[in-house]
Participant: 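Let me begin by handing over the structure; questions about it come next.
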Amino acid sequence: MKNVLFYLIATIAFSCNQAPSNNNLLQKKIDSLQTEINNSYKPGLGEFMSQIQIHHAKLWFAGKEENWELANFEIGEIQEALEDIPRYCADRPEVKSIGMIIPAMDSLSNAVKVKDENKFRNGFILLTATCNDCHKATNHGFNVIKIPDVPPITNQFFKPQ
Ligand code: HEC
């Protein structure tokens, strides 16, 4: 019995002693994971913008062809990028202005929901103007966005199939 008690006390004392060093190990692991996260690839604001640019162009042709399913998808892709920007580009002060695009996105999204080509055209003009408003507001006014003349890529149908 005495032996068992001794064993129990010794085990408890040993585990208590182990606790701080386990914490240290855990902290080391957390630190190394943090370094990994910090060094891992993060898309920059310019990359998000280039991605948005493609979806903006595809969206135009989708809407023009009254391919509302595709238009809705392209709006979703722009939306996702807009939502990711504050998360991934928190170090860029320009990100504070991103909210100015929300009303234009909402109105275009509504035009697509009601499948109204006229509303879509007006909404797209407003969206494009807002892209440029933000570029001007953030000292990037030399990036001038316009309604595209030709589809951005030739290996995709924009007409509903
Ligand atoms: C925060 C406000 C803001 C909004 C809204 C915005 N942009 Fe930008 N855009 C920027 C900034 C800032 C840059 C410069 C990024 C950089 O430093 O690489 C930029 C750069 C760009 C570029 C150049 C990317 C490159 O690397 O060549 C394109 C294209 C672009 N934006 C397209 C758009 C389109 C299309 C929209 C609208 C659907 C839009 N942007 C909306 C702020 C904005």
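This chain uses plain numbering: 1 for the first residue, then up along the sequence. Each ligand, and each atom within it, is numbered from 1 in the order the structure gives.
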Participant: Can you measure from CD (Gln79) to CD1 (Ile75) and round to the nearest 0.5 angstrom?
Facilitator: 8.5 Å
Participant: Any atom of ligand 1 sitting under 4.0 Å from a heavy atom of Ile78?
Facilitator: no
Participant: Tell me, do Asn110 and Lys119 make a side-chain contact under 4.5 Å, heavy atoms counted?
Facilitator: no
Participant: Under a 4.0 angstrom heavy-atom cut-off, which atoms of ligand 1 come close to Glu94?
Facilitator: 1 (C), 12 (C)
Participant: Could you tell me the residue and atom name of the protein heavy atom closest to atom 23 (C) of ligand 1, and the distance to it rounded to 0.1 Å?
Facilitator: Asn143 OD1, 3.5 Å
Participant: Return the residue, atom name and 0.1 Å-rounded distance of the protein heavy atom closest to atom 3 (C) of ligand 1.
Facilitator: Cys134 SG, 2.6 Å
Participant: Looking at Arg87 and Glu83, is any side-chain nitrogen of the basic one under 4.0 Å from a carboxylate oxygen of the acidic one?
Facilitator: no
Participant: Which of the numbered atoms in ligand 1 are under 4.0 angstrom from any heavy atom belonging to Ile98?
Facilitator: 1 (C)
Participant: Is Met49 close enough that one of its N/O/S atoms sits under 2.8 Å from atom 8 (Fe) of ligand 1?
Facilitator: yes
Participant: To the nearest 0.5 Å, tell me how far His135 NE2 sits from Phe142 CZ.
Facilitator: 9.0 Å
Participant: Any non-hydrogen atom of His140 lying under 4.0 Å from ligand 1?
Facilitator: yes
Participant: Quick one: does Lys96's side chain get under 4.5 Å of Thr138's, heavy atoms only?
Facilitator: no
Participant: Going by the atom numbers of ligand 1, which of them fall below 4.0 Å from some non-hydrogen atom of Ser50?
Facilitator: 24 (C), 25 (C), 26 (O)
Participant: Show the atoms of ligand 1 that are less than 4.0 angstrom away from any heavy atom in Leu45.
Facilitator: 12 (C)
Participant: As an exercise, state the distance from NE2 of His56 to CD of Glu77, rounded to the nearest 0.5 Å.
Facilitator: 15.5 Å
Participant: Where is the nearest protein heavy atom to atom 38 (C) of ligand 1: which residue, which atom, and how far?
Facilitator: Cys131 SG, 2.7 Å
Participant: Identify the closest protein heavy atom to atom 18 (O) of ligand 1: which residue and atom is it, and at what distance?
Facilitator: Gly46 CA, 3.2 Å
Participant: Side chains of Gln27 and Asp31: donor-acceptor distance under 3.5 Å anywhere?
Facilitator: yes
Participant: Give a yes or no on whether a salt bridge exists between Asp149 and Lys146, defined as a side-chain N under 4.0 angstrom from a carboxylate O.
Facilitator: yes
Participant: Which option, His135, Arg92, Lys136, His56, owns the non-hydrogen atom nearest atom 31 (N) of ligand 1?
Facilitator: His135
